[in-house]
Enquirer: 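My questions will all concern the structure given below.
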Amino acid sequence: MKKLRSIYKSDMFHAVLYKSFSRLVIAACLCLLWQRFVSDGRFTIWEAPCLAVGAALLGWAWVGYLRLDGIRVPFVDKDKELSAQRGARKRHATHSMADFADEKIVSFDELSPQEKALCSMLASLIVGVPMTAIGIAASIL
């Protein structure tokens with residue numbers, strides 16, 4: 001497997017940030033729905049729902065890690081062809097805002113399959129690890 005740092009590029013930060021935010025909002029909604037409709041009052045919202053959603057996100061991150069190795073999930077990964085590679089990125093000598101005015105903003109759809117899998121894995125880890133840790137800490141305390 002390729003090293004994760006060799007796949008990651010600086011313009012993927014926005015894709016990871018957007019995916020992390022959307023997964024955080026969905027995870028919070030799932031925890032609130034669990035508390036409202038599934039909970040019997042024995043556990044708080046920080047114990048069972050947070051631990052379960054965090055563990056599901058960590059499982060999703062593991063699937064993303066396996067996708068980086070080339071393993072495909074049947075019935076989920078329908079498109080196995082590689083997308084067109086993006087053009088070469090320009091490096092600028094200075095880092096003022098005017099230098100980046102003409103650069104194209106890279107969306108998630110324009111990323112290669114490996115970059116998409118890495119963004120998905122990082123977003124799941126960013127949300128899943130704290131939620132699982134909060135769920136475990138709340139259960140212990």
Enquirer: At what distance, to the nearest 0.5 angstrom, does NZ of K19 lie from NE2 of H14?
Expert: 15.5 Å
Enquirer: Provide the closest heavy-atom pair for V53 versus A27 in the form atom of the first, atom of the second, distance.
Expert: CG1-CB, 3.6 Å
Enquirer: Quick check: does any side chain N or O of S124 sit under 3.5 Å from a backbone N or O of M121, one acting as donor and the other as acceptor?
Expert: no
Enquirer: Is there a path from L32 to L30 through hydrophobic residues (I, L, V, M, F, W, Y) whose side chains come within less than 4.5 Å of each other?
Expert: no
Enquirer: So which heavy atom on A117 is nearest to which on R67, and how close?
Expert: CB-CB, 4.0 Å
Enquirer: Hydrophobic clustering (ILVMFWY, side-chain heavy atoms < 4.5 Å, transitive) - are M12 and L17 grouped together?
Expert: yes
Enquirer: What heavy-atom pair brings T44 and Q35 nearest, and what distance separates the two atoms?
Expert: C-OE1, 3.7 Å
Enquirer: Say whether L118 and Y65 are linked into one hydrophobic cluster, either directly or through other cluster members, by side-chain heavy-atom distances under 4.5 angstrom.
Expert: yes
Enquirer: Is it the case that the side chain of R23 and the backbone of L125 share a donor-acceptor pair, with hydrogens and angles ignored and the cut-off at 3.5 Å?
Expert: no
Enquirer: If you draw a 6.0 Å radius around CH2 in W34, do more than 12 non-hydrogen atoms from other residues or ligands fall strictly inside?
Expert: yes
Enquirer: Indicate, with yes or no, if F13 and V16 share a hydrophobic cluster defined by side-chain heavy-atom contacts under 4.5 Å among Ile, Leu, Val, Met, Phe, Trp and Tyr.
Expert: yes
Enquirer: What heavy-atom pair brings L57 and G128 nearest, and what distance separates the two atoms?
Expert: CB-CA, 3.8 Å
Enquirer: Between atom CD of Q114 and atom CG of D69, what is the distance when rounded to the nearest 0.5 Å?
Expert: 9.5 Å
Enquirer: Which value, rounded to the nearest 0.5 Å, describes the distance between C29 atom SG and L24 atom CG?
Expert: 9.5 Å
Enquirer: Checking side chain to side chain contact (heavy atoms under 4.5 Å, CB included) for the pair L122/Y8: CA distance, chi angles, key distance, verdict?
Expert: CA-CA 10 Å; L122 290 176; Y8 183 78; 4.2 Å; yes
Enquirer: At their closest point, which heavy atom of G54 faces which heavy atom of M131, and how far apart are they?
Expert: CA-CB, 3.9 Å
Enquirer: Check for me, please, whether F43 and L51 land in the same ILVMFWY cluster - side-chain distances under 4.5 Å, paths through other members count.
Expert: no
Enquirer: Counting C-beta onward and ignoring hydrogens, is there a side-chain heavy-atom pair between L58 and W62 closer than 4.5 Å?
Expert: no
Enquirer: Can you tell me how far apart CZ (R36) and CD1 (I45) are? Round to the nearest 0.5 Å.
Expert: 12.0 Å
Enquirer: If you compare all heavy atoms of C119 against all heavy atoms of A15, which two are closest, and at what distance to 0.1 Å?
Expert: SG-CB, 4.0 Å
Enquirer: Just verifying a value: how many Å separate C50 SG and I134 CD1, rounded to the nearest 0.5 Å?
Expert: 5.0 Å
Enquirer: Using the rule given for side chain to side chain contact (heavy atoms under 4.5 Å, CB included), can you reason through S120 versus W60, listing the C-alpha separation, both sets of side-chain angles and the distance that settles it, and then say yes or no?
Expert: CA-CA 8 Å; S120 178; W60 195 349; 3.9 Å; yes
